[in-house]
Amino acid sequence: MEKIVALNHKMNMDYDELQDYIDDLKKINLNPIVFPTAIHAPYFVEDHFRTGLQNIYFQDNGAFTGETSPKQAKKLGIEYVLVGHSERRELFSESNEEINKKIKLALENDLKVILCVGEKNNEDYQTVIKRQIKEGLQNITKPVIIAYEPVWAIGSGVIPSNEHIKTVITYIQSLLNYDVKVLYGGSVNSITIQKINEVNVVSGYLIGGSSTSIQELKKIKEVVS
Ligand code: 13P
């Protein structure tokens, strides 16, 4: 099955860089799901990329300065949302309860959700991930995609062993009663992906740092196709 390649730009690239990036991305035929900085999203939608937002709010509209609703996103042609990224959990103190509300409203608005989970360096993965999934998906029956991103692997250049990735993904699958797709994220680049791609339970990748480099994406395309 074709691997999902999701590109999390985080808060990177400016308008000028974006023009060349989009032209080049079109040429490499990667068929990614792109999660650009929110103000860049319309450019990807216009160019027919599968486009997502990196974050979403849990109200349809109202006095919530700085937030974007699932309803607004849907109207714009956004198809996906990332919810519960570790940077949101850490830097913006997002709780599992808030994450749950965001996922519910996103699904009600027919957006596809990628829920990010993962343990920190000193944490037991089972305890953390079980909680993130049980609380994050409480009273939710529609399937979501999960992205397993060990926090210590994000931006560090260090990746878990294939064994660890397989064990954790199998654990995640055991917590959910549908055929869940699980992406791996954390220091995925054109080199590390060669080894990770041997793990057959990985449905795809959520790529941060390398996602803005066309050179990297060209090589990644060769590995996943
Ligand atoms: P890096 O690929 O830069 O480690 O980031 C991973 C990530 O956070 C993707 O959501």
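Every number for a ligand or one of its atoms is a count from 1 in the order of the listing. For clarity, every value in this text was computed on a predicted model and none was experimentally measured.
Taking only nitrogen or oxygen atoms, main chain and side chain alike, Gly186 does not reach within less than 3.5 Å of ligand 1.
Using the six-membered ring where Trp is involved, Tyr148 and His164 have ring planes that are tilted, between 30° and 60° apart. Taking the six-membered ring where tryptophan is involved, the planes of Tyr80 and Phe35 are perpendicular, since the angle between them exceeds 60° and thus also 30°.
Heavy-atom contacts of Leu206 reach the following atoms of ligand 1: 9 (C), 10 (O) (cutoff under 4.0 Å). Of all atoms in ligand 1, listed by their number and element, those nearer than 4.0 Å to a heavy atom of Gly209 are 1 (P), 2 (O), 3 (O).
The ring pair (Phe, Tyr, Trp, His ring centres under 6.0 Å) check on Phe58 picks up nothing, with sequence neighbours excluded.
For atom 5 (O) of ligand 1, the nearest protein heavy atom (residue, atom name, distance) is Lys10 NZ, 3.3 Å. Taking atom 9 (C) of ligand 1 as the reference point, the nearest protein heavy-atom neighbour is Glu149 OE2, 2.8 Å. Gly208 N, 2.9 Å is the protein heavy atom nearest to atom 2 (O) of ligand 1.
Judged purely by distance below 3.5 Å, without hydrogens or angles, the side chains of Lys3 and Asn197 pair a donor atom with an acceptor atom.
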Solution key, residues 169-179 side-chain donor-acceptor pairs under 3.5 Å, sequence neighbours excluded:
{"from": "Thr170", "atom 1": "OG1", "to": "Lys166", "atom 2": "O", "distance (Å)": "2.6"}
{"from": "Tyr171", "atom 1": "OH", "to": "Gln126", "atom 2": "O", "distance (Å)": "3.4"}
{"from": "Ser174", "atom 1": "OG", "to": "Tyr171", "atom 2": "O", "distance (Å)": "2.6"}
{"from": "Tyr178", "atom 1": "OH", "to": "Val144", "atom 2": "N", "distance (Å)": "3.0"}
{"from": "Tyr178", "atom 1": "OH", "to": "Val144", "atom 2": "O", "distance (Å)": "2.8"}

Criterion side-chain contact (heavy atoms from CB on, under 4.5 Å) on Asn61 and Ser69, from CA distance to verdict: CA-CA 6 Å; Asn61 41 49; Ser69 78; 5.6 Å; no

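Ser187 counts as a contact of ligand 1, since one of its heavy atoms falls under 4.0 Å from the ligand.
With a 4.0 Å heavy-atom cut-off, ligand 1 is reached by the side chain of Asn8 but not by its N, CA, C or O.
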